[in-house]
Amino acid sequence: MEKEQKTMERKPKRPRGKARLIQGKCIGCERCEPGCPVDAISDSVTAKPIIDIERCTGCRKCVKICPVAALEMYYTDAELALIEELRSKGEWKEPVEAKPAAAADQSHQGVWVFVEQQDGIAASVSWELLGVGKTLARDLEVDLCAFVLGEGVEHLPQEAFSYGAKKVYLIDDPVLKNYRTEPYAMSVVDLVRKHKPEAVLMGATGLGRDLAGAVATILETGLTADCTHLNIDKERRLLEQTRPAFGGNIMATILNQHRRPQMASVRPHVMRKPDPIDGATGEIIREPLNMEEQDIKAKVLEIIRDERGLGHVDIAGAEILVSGGRGMLGPENFKILEELADVLGGTVSASRSAVDAGWMPYDHQVGQTGKTVRPKIYIACGISGAIQHLVGMQDSDLIIAVNRDREAPIFEVAHYGIIGDLFEVIPALTRRLREIVTTPGSSKNNSGMVSGDKS
Ligand SMILES: Cc1cc2nc3c(=O)[nH]c(=O)nc-3n(C[C@H](O)[C@H](O)[C@H](O)COP(=O)(O)OP(=O)(O)OC[C@H]3O[C@@H](n4cnc5c(N)ncnc54)[C@H](O)[C@@H]3O)c2cc1C
């Protein structure tokens with residue numbers, strides 16, 4: 001009986017409050033609706049949220065998600081009565097309000113691009129980033145700046161000006177001769193702490209990935225790796241950083257609302273390299289390196305160059321690519337792609353299926369887990385066009401697809417599509433191109449392409 005009594009006297013649920021809309025603040029962004037874990041929010045015709053208070057559990061998720069603080073918590077009359085009752089029994093503790101996330105430091109200004117270099121030669125991705133950086137800086141109405149680290153790199157600021165930088169921060173010191181994480185990361189951190197940029201862009205190369213991660217960690221800021229698109233939300237002065245997520249099945253746009261600088265890395269060839277402007281000038285700001293060689297733990301004992309040497313072909317830099325997929329059926333059939341590539345002065349690449357099957361080496365793979373390419377011509381042979389492949393080649397200037405399946409998704413990005421059996425189409429194409437090349441009077445340019453033969 002006593003046990004039964006205890007069960008009957010179960011404590012009432014502690015009031016947690018309900019969410020409600022503050023009139024006139026909602027901008028109709030609709031972020032709260034999918035953010036509610038109990039489906040208590042629905043959209044009205046005007047795209048303003050309607051909150052079902054019977055369902056609302058007072059979890060506050062919508063209040064935290066709302067970018068314009070248009071939602072607040074309140075207690076219903078029934079909850080207020082219960083709170084009074086609990087208070088009178090000494091059982092009510094006032095809830096501790098969670099501290100709002102720190103607002104971003106608005107004193108940060110300017111878009112910065114890292115000029116990656118080796119032996120004084122800048123990586124092309126740096127100039128590609130200055131191209132997109134120019135648009136970002138224009139939208140934010142701030143300066144586009146570059147920063148250069150190394151030894152004997154005094155010539156690089158001039159090159160950066162020609163690609164659009166207005167200011168270049170330069171640390172030229174023997175300690176920075178070869179890349180090591182510690183001195184490079186600390187140099188960038190010192191520059192950022194002193195000059196406070198609001199956005200920092202780096203190439204998603206081996207070096208860039210290492211450096212960006214180290215810098216973001218020390219500065220305790222966010223870094224979005226491998227972005228495929230960058231944009232500015234002008235109203236909130238936020239860098240919208242878009243990249244593939246969930247195996248490339250969705251594109252996610254990531255914001256860093258509370259920390260500065262906003263950091264993003266972009267793979268080579270994703271952004272278009274601008275044309276350099278001869279004679280462009282700007283300001284060079286020289287800064288010292290605040291480290292001595294003896295402070296650095298890692299020492300460079302020997303440099304071993306890539307043994308594949310000069311003969312090695314980097315598909316990421318190729319102007320013409322003839323790419324084969326599972327439709328090639330076997331490694332021996334890549335010969336017909338090599339023949340076509342030879343006539344065009346191009347290089348053979350492959351889809352992941354062909355690489356996984358062992359038909360082509362990994363460094364020839366195009367796509368999300370391979371290389372991003374942006375050639376003048378990309379010929380896809382027996383490649384279906386899965387999203388993970390497309391993200392690696394869809395920005396090519398001219399895409400030609402050969403596939404026997406007219407529904408293949410590759411045709412959605414192709415400028416020219418040939419529906420047919422590649423074992424007939426490719427040799428015929430090669431034969432015809434050879435005829436044109438060997439015909440007296442045909443004009444052949446440096447790349448081996450015949451002018452006017454694109455279609
Ligand atoms: C996390 C993740 C990362 C990935 N990363 C990559 C990546 O980096 N790169 C990549 O490519 N894939 C990647 N993939 C794999 C991707 O999803 C696809 O499986 C792959 O791209 C398919 O390769 P494919 O087009 O060669 O083969 P399939 O999809 O099998 O397509 C073969 C095509 O050949 C055509 N075909 C067959 N015979 C002929 C013929 N005789 N003539 C003409 N056409 C013919 C068929 O109609 C078909 O369209 C990734 C997947 C995941 C999950």
Side-chain angles (χ1 to χ4, degrees), residues 112-130 145-160 165 167-197 200-226 259 261 263-268 284-314 316-317 361-363 369 371:
W112 281 23
V113 168
F114 173 53
V115 178
E116 178 179 332
Q117 59 81 27
Q118 214 173 355
D119 300 330
I121 298 164
S124 176
V125 67
S126 317
W127 311 140
E128 293 160 19
L129 289 176
L130 278 175
C145 307
F147 58 108
V148 179
L149 312 175
E151 186 202 24
V153 287
E154 286 277 344
H155 59 288
L156 288 178
Q158 185 48 51
E159 219 176 322
K167 276 187 201 166
V168 176
Y169 296 90
L170 173 68
I171 306 183
D172 195 316
D173 192 288
V175 171
L176 299 175
K177 181 173 170 38
N178 297 305
Y179 176 76
R180 283 172 291 172
T181 311
E182 198 182 356
Y184 268 66
M186 286 321 298
S187 301
V188 181
V189 168
D190 287 348
L191 286 176
V192 167
R193 286 192 174 139
K194 183 166 176 192
H195 298 283
K196 299 182 173 228
V200 174
L201 312 180
M202 295 192 188
T205 56
L207 188 159
R209 281 170 205 270
D210 184 67
L211 180 61
V215 170
T217 307
I218 301 168
L219 292 172
E220 294 184 14
T221 191
L223 163 68
T224 307
D226 289 355
R259 307 290 303 184
M263 289 186 64
S265 71
V266 178
R267 285 199 206 182
I284 302 176
I285 299 153
R286 289 185 175 76
E287 292 287 354
L289 177 74
N290 300 321
M291 290 184 111
E292 303 278 330
E293 180 58 47
Q294 60 266 26
D295 302 331
I296 300 158
K297 292 175 206 86
K299 305 288 173 203
V300 179
L301 303 179
E302 189 188 356
I303 295 174
I304 301 163
R305 302 276 168 203
D306 188 340
E307 61 188 21
R308 290 171 297 188
L310 292 173
H312 170 67
V313 182
D314 177 15
Y362 168 70
D363 58 3
T369 42
K371 288 191 174 146

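Numbers here are sequence positions counted from 1.
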Peer 1: Would you name the heavy atoms of R180 and A298 that are closest together and state the gap between them?
Peer 2: NH1-O, 2.7 Å

Peer 1: Taking the side chain as C-beta and beyond, is there a heavy-atom pair between L207 and F114 under 4.5 Å?
Peer 2: yes

Peer 1: Just verifying a value: how many Å separate T205 OG1 and R267 CZ, rounded to the nearest 0.5 Å?
Peer 2: 11.5 Å

Peer 1: Please examine the side chains of I171 and V148, heavy atoms only from C-beta on, and report whether any two atoms are closer than 4.5 Å.
Peer 2: no

Peer 1: Decide yes or no for N178 and I303: does some side-chain heavy atom of the first lie under 4.5 Å from some side-chain heavy atom of the second?
Peer 2: yes

Peer 1: So L219 and P261, do their side chains get closer than 4.5 Å, heavy atoms only?
Peer 2: yes

Peer 1: What are the two closest heavy atoms between V115 and A146, and how far apart are they?
Peer 2: CG2-CB, 3.8 Å

Peer 1: Give the minimum heavy-atom separation between P157 and I284, together with the two atoms involved.
Peer 2: CB-CD1, 3.8 Å

Peer 1: In a table with atom names and distances, give each donor-acceptor pair under 3.5 Å that connects a side chain of residues 183-193 to protein atoms at least two apart or in another chain.
Peer 2:
from : atom 1 : to   : atom 2 : distance (Å)
Y184 : OH     : L176 : O      : 2.8
S187 : OG     : P183 : O      : 2.6
D190 : OD2    : N290 : ND2    : 3.0

Peer 1: Pair D363, K371 - check side-chain contact (heavy atoms from CB on, under 4.5 Å), show working.
Peer 2: CA-CA 8 Å; D363 58 3; K371 288 191 174 146; 4.0 Å; yes

Peer 1: List the atom pairs, with distances to 0.1 Å, where a side-chain N or O of residues 117-126 and a protein N or O form a donor-acceptor pair under 3.5 Å, not counting sequence neighbours.
Peer 2:
from : atom 1 : to   : atom 2 : distance (Å)
Q117 : OE1    : G120 : N      : 2.8
Q117 : NE2    : L149 : O      : 3.0
S124 : OG     : E128 : OE2    : 3.3
S126 : OG     : E116 : N      : 3.1
S126 : OG     : A123 : O      : 2.9

Peer 1: State, to 0.1 Å, how close A165 and C145 come at their nearest heavy-atom pair, and which atoms those are.
Peer 2: CB-C, 4.5 Å

Peer 1: Does Y169 have any ring-ring contact (aromatic ring centres under 6.0 Å, His included) partners at least two apart in sequence or in another chain, and if so, which?
Peer 2: W112, H195

Peer 1: How would you list all residue pairs meeting salt bridge (charged side-chain N to carboxylate O under 4.0 Å, His left out) that involve residues 295-304, not counting sequence neighbours?
Peer 2: E182-K297, E293-K299

Peer 1: Mind checking what makes ring-ring contact (aromatic ring centres under 6.0 Å, His included) contact with W127, not counting sequence neighbours?
Peer 2: Y163

Peer 1: Does T224 form a side-chain contact (heavy atoms from CB on, under 4.5 Å) with M263? I'd like the steps, not just the answer.
Peer 2: CA-CA 6 Å; T224 307; M263 289 186 64; over 6 Å; no

Peer 1: Considering only residues two or more places apart or on different chains, which pairs with a residue in residues 205-223 satisfy salt bridge (charged side-chain N to carboxylate O under 4.0 Å, His left out)?
Peer 2: R209-D226

Peer 1: Mind listing the closest non-hydrogen atom pair of P268 and A204 along with its distance?
Peer 2: CD-O, 4.0 Å

Peer 1: Would you please name every residue forming a salt bridge (charged side-chain N to carboxylate O under 4.0 Å, His left out) with K177, sequence neighbours left out?
Peer 2: none

Peer 1: Got E292 and V175 here, is their nearest side-chain heavy-atom distance under 4.5 Å?
Peer 2: no

Peer 1: Test of understanding: with salt bridge (charged side-chain N to carboxylate O under 4.0 Å, His left out), list the residues that count as partners of E287, not counting sequence neighbours.
Peer 2: K194

Peer 1: Taking the side chain as every heavy atom from C-beta outward, state whether E151 and D173 have any pair of such atoms under 4.5 Å apart.
Peer 2: no

Peer 1: Taking only residues two or more places apart in sequence or in another chain, which ones pass side chain to side chain contact (heavy atoms under 4.5 Å, CB included) with E154?
Peer 2: L170, D172, R286

